[in-house]
Amino acid sequence: MIVVTGGAGFIGANFVHQWLAAERDPVLVVDKLTYAGNLDNLSGLRGDPRFGFAQVDICDRAAVAGLLAARRPRALVHFAAESHVDRSISGPGEFIRTNINGTFELLEAARAHWSALDGGDRAAFRFLHVSTDEVYGSLGEADPAFSETTAYAPNSPYAASKAASDHLVRAYHHTYGLPTVTTNCSNNYGPYQFPEKLIPLMILNALEGKPLPVYGDGANVRDWLYVGDHCSAIRRTLGAGRLGETYNIGGKSEMRNLDVVHAICAVLDELRPRAKGRYADQIRFVTDRPGHDRRYAIDPRKIEGELDWRPAQTFEAGIRLTVQWYLDNTQWTERVRSGGYRDWIQANYGERLGEQARQ
Ligand code: NAD
Ligand code: TYD
């Protein structure tokens with residue numbers, strides 16, 4: 001079996017669904033269930049004998065060690081993290097705790113587990129660390145895309161905490177021989193994404209007739225990948241990635257934020273037209289994010305060449321699937337947008353939109 005940390009979050013849940021549909025091994029999800037973790041994301045799997053769940057904080061080494069000893073996984077796929085840049089700006093502490101200390105505790109538990117395995121099991125064990133392209137910092141318009149040898153230059157507390165976790169994983173391979181592989185992926189979108197991130201926030205605000213808050217001039221560039229393609233890349237890397245290596249994952253789909261928002265509006269105009277006007281009328285330019293990285297772009301040649309991985313979705317197809325998913329799953333969105341969610345929206349956007357109104 002395999003252990004998946006953070007499996008109740010956006011990418012982790014998509015990964016678990018894909019894994020159980022495509023692979024044989026059972027899965028144990030280890031998740032603390034923070035505001036971003038949601039058992040609804042896994043509800044379709046209740047009753048599946050290959051699926052298990054443990055509500056555990058990865059910082060709790062003894063609890064994780066107990067699970068590893070009892071379940072003897074052949075692999076650990078590590079998604080659990082605090083993941084939202086804006087939250088890392090207003091409250092970095094939790095990012096240090098989970099992303100750095102949590103990864104350290106997990107590595108220690110994994111190292112003890114792996115050291116106690118015998119011959120074949122020990123050789124087959126894998127620790128796959130899921131990371132981000134944000135560790136590389138920000139690109140200028142004409143710079144080449146991030147490759148695996150690009151120097152780390154994280155700019156937000158989120159990116160810095162992920163960079164630190166990547167370095168710990170690297171050191172555990174180099175020093176102790178722990179069989180690790182790290183993936184650094186670009187921005188994901190798709191089903192089950194918590195509506196604090198750009199794409200689901202815009203879809204839901206649009207449908208509710210609320211402003212669509214574009215930070216700064218809207219010309220920041222992200223390299224978008226459909227979440228199912230990220231999950232297929234992780235499965236491929238887990239199966240065939242070389243130990244101690246890092247693999248950049250991306251779909252060669254760079255877009256300016258404003259163009260992403262217009263693309264969402266166009267799909268909504270078609271699938272759920274407004275009574276009057278167009279969704280793009282709701283776009284508002286608001287105060288920029290402090291230290292906002294200008295451009296991310298992934299050079300995926302290593303994973304394409306070595307592991308023969310390619311994304312299956314274009315942005316046009318993926319965004320349509322995503323908008324349709326949010327239209328079809330209104331109960332899910334109502335439930336995740338509880339009291340705590342409203343507090344966050346007020347804290348992050350109250351002033352930004354207020355300033356815009358005063359201009
Ligand atoms: P998410 O915020 O949706 O989910 C994170 C999950 O981790 C939640 O289920 C949460 O409950 C759990 N978690 C948080 N702290 C924990 C702790 N201390 N112990 C146990 N569980 C804990 O995040 P996501 O967008 O699914 O991202 C998953 C991983 O992928 C992260 O490591 C992130 O850095 C990385 N990543 C994300 C993107 C993206 O675009 N979302 C891109 C590249 C890499
Ligand atoms: P986000 O989804 O938070 O991902 P990340 O910061 O990790 O790339 O944001 C994606 C881009 O969209 C980023 O450039 C910030 C911008 N953005 C907005 O313009 N408005 C918003 O309300 C949000 C949440 C993000």
Side-chain angles (χ1 to χ4, degrees), residues 4-15 29-39 41-42 54-60 63-64 77-89 94-95 97-99 101-103 105-106 129-135 138 155-156 158-159 161-162 165-166 183-190 192-202 205 211-225 227 230-231 234 249-250 255-258 260-261 283-289 292-296 298 336 344-345 348-349 352-353:
V4 175
T5 73
F10 161 50
I11 307 173
N14 277 283
F15 179 80
V29 167
V30 172
D31 198 300
K32 181 183 171 187
L33 296 182
T34 67
Y35 79 91
N38 181 0
L39 281 180
N41 299 354
L42 300 166
Q55 185 170 7
V56 165
D57 185 335
I58 56 163
C59 298
D60 184 347
V64 174
V77 184
H78 177 34
F79 292 95
E82 288 293 332
S83 68
H84 189 34
V85 173
D86 290 318
R87 286 187 192 252
S88 84
I89 294 169
E94 228 14 64
F95 287 71
R97 202 187 81 85
T98 285
N99 299 1
N101 296 337
T103 300
E105 298 296 351
L106 197 65
H129 176 57
V130 179
S131 192
T132 165
D133 60 355
E134 303 194 25
V135 298
S138 184
N155 288 323
S156 70
Y158 163 66
S161 67
K162 291 296 290 187
S165 70
D166 294 6
T183 56
N184 293 89
C185 189
S186 58
N187 286 63
N188 283 211
Y189 67 100
Y192 303 115
Q193 188 165 31
F194 192 78
E196 63 187 356
K197 303 275 168 66
L198 179 75
I199 287 181
L201 184 100
M202 294 296 167
N205 278 17
L212 306 181
V214 173
Y215 295 168
D217 62 0
N220 300 67
V221 171
R222 299 292 183 263
D223 191 349
W224 293 95
L225 185 69
V227 63
H230 185 189
C231 295
I234 292 172
I249 305 172
M255 288 181 76
R256 296 184 320 151
N257 292 338
L258 190 57
V260 170
V261 177
I283 293 174
R284 299 286 178 276
F285 291 92
V286 301
T287 316
D288 208 353
R289 170 188 282 172
H292 193 176
D293 283 342
R294 195 64 176 167
R295 174 177 166 238
Y296 302 144
I298 284 276
V336 297
W344 164 252
I345 294 296
N348 194 48
Y349 296 101
R352 279 194 160 107
L353 282 162

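Just follow the structure's listing: the first ligand is 1, and inside any ligand the first atom is 1.
Between D60 and K32 the shortest side-chain heavy-atom distance does not fall below 4.5 Å. Looking at heavy atoms from C-beta onward, T98 lies in side-chain contact with I58 at the 4.5 angstrom threshold. Considering only heavy atoms from C-beta on, Y296 stays 4.5 Å or farther from V221 through its side chain. A heavy-atom distance below 4.5 Å is found between the side chains of N220 and R222. Between V260 and Y189 the shortest side-chain heavy-atom distance does not fall below 4.5 Å. Looking at heavy atoms from C-beta onward, V336 lies in side-chain contact with P195 at the 4.5 angstrom threshold. Contact check for F285 versus L258: side-chain heavy atoms found under the 4.5 Å cut-off. Inter-residue side-chain proximity for D86 and E196 is flagged as unmet; no heavy-atom pair is nearer than 4.5 Å.
Taking each heavy atom of Q193 and P200 in turn, the nearest pair found is OE1-CD, 3.4 Å.
The closest approach between any non-hydrogen atom of G102 and ligand 1 is not below 4.0 Å. Contact analysis leaves T5 out of contact with ligand 1, as no non-hydrogen atom separation drops below 4.0 angstrom. In this structure, L225 falls outside the shell of residues with a heavy atom less than 4.0 angstrom from ligand 1.
Under a 4.0 Å criterion applied to the non-hydrogen atoms of K162, ligand 1 contributes the atoms 31 (C), 32 (O), 33 (C), 34 (O). Interface atoms of ligand 1 facing V130, defined by a heavy-atom separation under 4.0 Å, are 30 (O), 32 (O). Per-residue contacts place N187 under 4.0 angstrom from the following atoms of ligand 1 (heavy atoms of the residue considered): 40 (O). Interface of S131 with ligand 1, defined as ligand atoms under 4.0 Å from a residue heavy atom, comprises 43 (C), 44 (C). Shown in contact with F79 at under 4.0 Å from a heavy atom are these atoms of ligand 1, numbered in order with element: 28 (C), 29 (C), 31 (C), 32 (O). Per-residue contacts place Y158 under 4.0 angstrom from the following atoms of ligand 1 (heavy atoms of the residue considered): 33 (C), 34 (O). Under a 4.0 Å criterion applied to the non-hydrogen atoms of L33, ligand 1 contributes the atoms 11 (O). Heavy-atom contacts of S186 reach the following atoms of ligand 1: 42 (C), 43 (C) (cutoff under 4.0 Å).
Nearest protein heavy-atom contact of atom 41 (N) of ligand 1 is I11 CD1, 3.7 Å. Ranking the protein heavy atoms by distance from atom 3 (O) of ligand 1 puts F10 N, 3.1 Å first. Protein heavy atom nearest atom 19 (N) of ligand 1, with residue, atom name and distance: I58 N, 3.0 Å. Nearest protein heavy-atom contact of atom 5 (C) of ligand 1 is A81 O, 3.4 Å. Here the protein heavy atom with the shortest distance to atom 40 (O) of ligand 1 is N188 N, 2.9 Å. In this structure, atom 10 (C) of ligand 1 lies nearest to the protein heavy atom T34 OG1, 3.3 Å. Scanning all protein heavy atoms for the shortest distance to atom 11 (O) of ligand 1 gives D31 OD1, 2.6 Å. Residue, atom and distance of the protein heavy atom nearest to atom 23 (O) of ligand 1 are S83 OG, 3.2 Å.
For a threshold of 3.5 Å applied to N or O pairs, the pair formed by G9 and ligand 1 contains at least one separation below that value. Of the polar atoms of Q193, none of the N or O atoms is found under 3.5 Å from an N or O of ligand 1, judged by distance alone. Inclusion of K32 in the set of residues having an N or O under 3.5 Å from an N or O of ligand 1 is warranted.
If you check the side chains of N205 and Y349, you find no donor sitting under 3.5 Å from an acceptor. Using a 3.5 Å distance cut-off with no hydrogens or angles, the side chains of N99 and S161 do pair a donor with an acceptor. Side-chain atoms of N184 and D166 include a donor-acceptor pair closer than 3.5 Å.
For Y35, the ring pair (Phe, Tyr, Trp, His ring centres under 6.0 Å) criterion is met by F194, not counting sequence neighbours. Residues forming a salt bridge (charged side-chain N to carboxylate O under 4.0 Å, His left out) with R97 (at least two apart in sequence, or on another chain): D57, E94. For H129, the ring pair (Phe, Tyr, Trp, His ring centres under 6.0 Å) test picks out H78, with sequence neighbours left out.
Ring planes of H84 and W344: perpendicular class, angle over 60° (limits at 30 and 60°).
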May I have the N/O to N/O pairs between ligand 2 and the protein that fall below 3.5 Å, each with atom names and distance to one decimal?
{"unit_1": "ligand 2", "atom_1": "2 (O)", "unit_2": "L198", "atom_2": "N", "d": "2.9"}
{"unit_1": "ligand 2", "atom_1": "3 (O)", "unit_2": "R289", "atom_2": "NH2", "d": "3.0"}
{"unit_1": "ligand 2", "atom_1": "4 (O)", "unit_2": "N187", "atom_2": "ND2", "d": "3.3"}
{"unit_1": "ligand 2", "atom_1": "6 (O)", "unit_2": "R289", "atom_2": "NH1", "d": "2.5"}
{"unit_1": "ligand 2", "atom_1": "6 (O)", "unit_2": "R289", "atom_2": "NH2", "d": "3.2"}
{"unit_1": "ligand 2", "atom_1": "7 (O)", "unit_2": "E134", "atom_2": "OE2", "d": "2.5"}
{"unit_1": "ligand 2", "atom_1": "8 (O)", "unit_2": "N187", "atom_2": "ND2", "d": "2.9"}
{"unit_1": "ligand 2", "atom_1": "8 (O)", "unit_2": "R222", "atom_2": "NE", "d": "2.7"}
{"unit_1": "ligand 2", "atom_1": "12 (O)", "unit_2": "N257", "atom_2": "ND2", "d": "3.4"}
{"unit_1": "ligand 2", "atom_1": "14 (O)", "unit_2": "R222", "atom_2": "NH2", "d": "3.2"}
{"unit_1": "ligand 2", "atom_1": "14 (O)", "unit_2": "N257", "atom_2": "ND2", "d": "2.9"}
{"unit_1": "ligand 2", "atom_1": "14 (O)", "unit_2": "H292", "atom_2": "NE2", "d": "2.6"}
{"unit_1": "ligand 2", "atom_1": "19 (O)", "unit_2": "Y215", "atom_2": "N", "d": "2.8"}
{"unit_1": "ligand 2", "atom_1": "20 (N)", "unit_2": "P213", "atom_2": "O", "d": "2.8"}
{"unit_1": "ligand 2", "atom_1": "22 (O)", "unit_2": "P213", "atom_2": "O", "d": "3.4"}
{"unit_1": "ligand 2", "atom_1": "22 (O)", "unit_2": "Y349", "atom_2": "OH", "d": "2.6"}

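K162 and D133 are not joined by a salt bridge, as no carboxylate oxygen comes within less than 4.0 angstrom of a charged side-chain nitrogen.
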